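Counting convention: from 1, in listed order, for ligands and their atoms alike. No experiment lies behind these values; they were computed from the predicted model shown. The analysis underlying the following values was restricted to heavy atoms, covering all of them including side chains, and did not include hydrogens, waters or symmetry mates.
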Amino acid sequence: MTTVGFIGLGIMGLPMARNLVDAGYDVVGYNRSAAKVQALADAGGRGAESVAEAVSGADVVITMLPDSPDVEQVTCGDDGVFAHAKPGSLYVDMSTIRPDVARRVAEAGAARGLRVLDAPVSGGEAGAVEGNLSVMVGGEAADVEAARPVLETMGTTIVHVGPAGAGQTVKAANQLIVAGAIELLAEAIVFVEAHGVDTAAALQVLGGGLAGSTVLNRKGEGMLARRFEPGFRLELHHKDLGIVTSAAREAGVVIPLGAAVAQLVAALVARGDGGLDHSGLLKLVDELSGRTDSPERG
Ligand code: NAP
C-alpha cells in the first residue's frame, strides 16, 4: 500500500486527503491546528503530531499550504519535510506559490535525493470535494508519471506543463483569468439588476452563450444572494495577483486589466474583507455603484 504524508488540511487539503483515503491510500495527515487532523482521522486517515511523523514513512509527500514562506518553512526548515522524507520519495507541492520559490524548493529537495513536483490546482473547494480538480504540473516527466495515479484521485485534468516552477507559472495565469472573470460577472450582475431585469433568468441565458463559464456556473447563484463565505478567500487571491503582477514584470509583459482587478482585490483586503470569498468583488462593485441598499439584492 502506498503511504501518503499530507501536510495542510484546510479548505482544499482536507477534502483532497479524504479522496486519497477513499481511493485506498494510507494517508498520514498533519496540520498546524489539531482539529483538522482529527477530521482526517474521522474520515479514515491517520493523524500525525508533526511534519516528521507525517513524512518519515511516506512514499509520497503532499503539501497544501497557504503561501510561499509556509512551503519553504515546512520543506526546508529545521525538522521539515526534506530533513525527514525517505530518499527517492516523491514530494508534490499543490499549494499556489511563487514560481521562483517552487524552483528553489525543487533544487533543495533534489539535493536531499527527493523527486520534486510543483502541482498547483484549480477548481476550488467544490473541485477538491468532487475530486475533479485541474492540476498543472512542473517537474521531470518521469516523476510526473510516477505521481499520476495519486494526482488522479484528486483531479481529472492532470497536465505536465514543463520543468520545475512551470506549474506555478500556469497557475498564476489561471488566477489572472479567474479574477478578471469574477470582476466582469460582478459588473454584469449590478448592471442587470440596475435595469430591473430578472437576474436569475439573465444568468441562465448568459451561461448558455459565449459569456458562459465555470466562474458563472459556480459563483453566479451565490453572488446573486450576496453569499460570500469562502470558498477561496480574497486574501489568497490577493497573494496570487501579487505573484502574477511580479512575474509579468519579470517577463516584460503588461497585464492592464489584471493590474486593475489586482487593485480592487487589494482594496477589499485593506479594508478588512480578506476573509470573504473572492466573489466578494461584487461587494465593491455594489458600493462603487451606490447600490448598497438596492431592493433587488437578496
Ligand atoms: P486554508 O484553508 O488556509 O488551508 C491551509 C492549511 O494549511 C490550514 O489548515 C493551515 O492550518 C495549514 N497550515 C498553515 N501553515 C502550516 C504549517 N506550517 N504546518 C502545517 N499546516 C499549516 O487554505 P486553502 O484555501 O485550503 O488553500 C491552500 C492553498 O491552495 C493556497 O496556496 C491557495 O492559494 C490554494 N488554492 C486554494 C483554492 C480554494 O478555492 N480555496 C483553490 C485552488 C488553490 P491552520 O488551521 O492552523 O490555519
Side-chain angles (χ1 to χ4, degrees), residues 5-19 28-40 47-55 61-84 92-99 101-102 105 118-137 151 154-155 157 167-168 170-179 182 214-215 218-219 222 228-244 265 269 274-280:
F6 205 114
I7 301 165
L9 300 167
I11 288 177
M12 297 295 284
L14 183 60
M16 290 162 72
R18 279 198 189 117
N19 284 332
V28 189
Y30 171 70
N31 189 77
R32 187 172 53 191
S33 60
K36 295 171 184 171
V37 178
Q38 186 55 46
L40 177 67
E49 288 184 2
S50 65
V51 169
E53 191 185 338
V55 310
V61 175
I62 295 175
T63 47
M64 194 53 170
L65 297 163
D67 201 353
S68 305
D70 306 305
V71 173
E72 272 207 298
Q73 186 234 317
V74 166
T75 52
C76 304
D78 293 342
D79 250 4
V81 172
F82 295 165
H84 294 282
V92 187
D93 178 37
M94 304 188 77
S95 331
T96 304
I97 66 168
R98 283 172 23 206
V101 174
V105 166
D118 51 296
V121 306
S122 179
E125 184 184 12
V129 171
E130 292 158 18
N132 56 17
L133 293 166
S134 218
V135 189
M136 31 223 111
V137 195
L151 298 177
M154 297 174 278
T157 307
Q168 295 296 352
V170 176
K171 174 66 186 181
N174 183 85
Q175 294 307 81
L176 178 63
I177 295 167
V178 170
I182 292 175
T214 307
V215 164
R218 290 227 158 140
K219 299 285 179 187
F228 300 130
E229 69 277 8
F232 186 64
R233 296 195 304 278
L234 276 162
E235 63 196 8
L236 287 176
H237 217 140
H238 180 54
K239 165 204 59 146
D240 295 346
L241 291 169
I243 292 171
V244 74
V265 170
V269 172
L276 298 181
D277 188 69
H278 51 172
S279 56

Mind checking whether Ile243 and Pro99 have side chains closer than 4.5 Å, heavy atoms only?
yes
Between Ser33 and ligand 1, is there a nitrogen or oxygen pair with a distance under 3.5 Å? yes
Any nitrogen or oxygen of Asp70, side chain or backbone, less than 3.5 Å from one on ligand 1? no
When distances are taken from atom 43 (C) of ligand 1, the protein heavy atom at minimum range is Val121 O, 3.4 Å
I'd like to check whether Lys36 has a polar contact with ligand 1, where a contact means an N/O of the residue lying under 3.5 Å from an N/O of the ligand. yes
A student checking ligand 1 against Lys239 at a 4.0 Å heavy-atom cut-off should list atoms 31 (C), 32 (O), 33 (C), 34 (O)
Test item: Met154 and Val121 side chains (from C-beta on) under 4.5 Å apart, heavy atoms: no
heavy-atom search around atom 48 (O) of ligand 1 in the protein gives Arg32 NH2, 2.9 Å
For Arg233, the atoms of ligand 1 under 4.0 Å from one of its heavy atoms are 1 (P), 2 (O), 3 (O)
Within 4.0 Å of some non-hydrogen atom of Glu125, the atoms of ligand 1 are 40 (O)
heavy-atom search around atom 9 (O) of ligand 1 in the protein gives Asn31 OD1, 2.7 Å
Checking heavy atoms under 4.0 Å, the part of His278 that sits near ligand 1 is neither
Atom 18 (N) of ligand 1: closest protein heavy atom, distance to 0.1 Å, is Val74 CG2, 3.4 Å
Mind checking whether Leu241 and His237 have side chains closer than 4.5 Å, heavy atoms only?
-> yes
re atom 30 (O) of ligand 1, the protein heavy-atom contact at minimum distance is Met64 CE, 3.0 Å
In short, Leu14 meets Lys36 closest at the heavy-atom pair CD1-O, 4.0 Å
All heavy atoms of Pro15 vs all of Gly10, minimum pair found to be CD-O, 3.8 Å
With heavy atoms and a 4.0 Å threshold, my read on which part of Leu9 contacts ligand 1 is backbone
| task | Determine, using heavy atoms of His237 and all atoms of ligand 1, whether some pair is separated by less than 4.0 Å. | result | no
Checklist entry - Is a side-chain N or O of Asp70 found less than 3.5 angstrom from the main chain of Asp67, in a donor-acceptor match? => result yes
_What I want to find out is whether Asp277 reaches Lys219 closely enough, with some N-O distance under 4.0 Å, to be called a salt bridge._
yes
Using only atom types and a distance under 3.5 Å, with no angle test, would you say the side chain of Arg218 pairs donor to acceptor with the backbone of Gly123? yes
Atom 29 (C) of ligand 1 sits nearest the protein heavy atom Leu65 O, 3.3 Å
Ligand 1 to Gly231, heavy atom cutoff 4.0 Å, flagged ligand atoms 41 (N)
**Prompt:** Can you check whether Val92 reaches Leu151 side chain to side chain, under 4.5 Å on heavy atoms?
**Reply:** yes
When you compare the side chain of Phe232 with that of Ile11, does any pair of heavy atoms fall below 4.5 Å? no
Ligand 1 to Thr96, heavy atom cutoff 4.0 Å, flagged ligand atoms 32 (O), 34 (O), 35 (C), 44 (C)
Is any side-chain heavy atom of Val51 closer than 4.5 Å to one of His84? no
- Can you find an N or O of Gly124 that's nearer than 3.5 Å to an N or O of ligand 1? no
Within 4.0 Å of some non-hydrogen atom of Phe232, the atoms of ligand 1 are 33 (C), 34 (O), 36 (N), 37 (C), 38 (C), 39 (C), 40 (O), 41 (N)
Distance-only side-chain donor-acceptor flag, Asn174 / Ser122, under 3.5 Å = yes
For atom 4 (O) of ligand 1, the closest protein heavy atom turns out to be Gly10 CA, 3.3 Å
Can you find a non-hydrogen atom of Met94 under 4.0 Å from ligand 1? no
Taking only non-hydrogen atoms of Tyr30 and a 4.0 Å limit, the atoms of ligand 1 in range are 19 (N), 20 (C)
Note to self: Just so I know, are the side chains of Met94 and Thr63 near enough to count as touching, which here means a heavy-atom distance under 4.5 Å?
What the structure shows: no
- Kindly confirm or rule out an N or O of Met12 lying under 3.5 angstrom from an N or O of ligand 1. yes
Requested in this report: Measure the shortest side-chain to side-chain distance between Ile7 and Val81 over non-hydrogen atoms and say whether it is less than 4.5 angstrom.
Outcome: yes
Ranked by distance from atom 2 (O) of ligand 1, the top protein heavy atom is Ile11 N, 2.9 Å
Ligand 1 to Lys171, heavy atom cutoff 4.0 Å, flagged ligand atoms 43 (C), 44 (C)
At under 4.0 Å between heavy atoms, what of Leu236 touches ligand 1? The answer is side chain
Check your understanding: With a 4.0 Å cut-off on heavy atoms, is Ser122 touching ligand 1?
Key -> no
Q. Between Lys239 (side chain) and Thr96 (backbone), is there a donor-acceptor pair under 3.5 Å?
A. yes
N/O donor-acceptor pair under 3.5 Å between Asp118 side chain and Gln168 backbone: yes
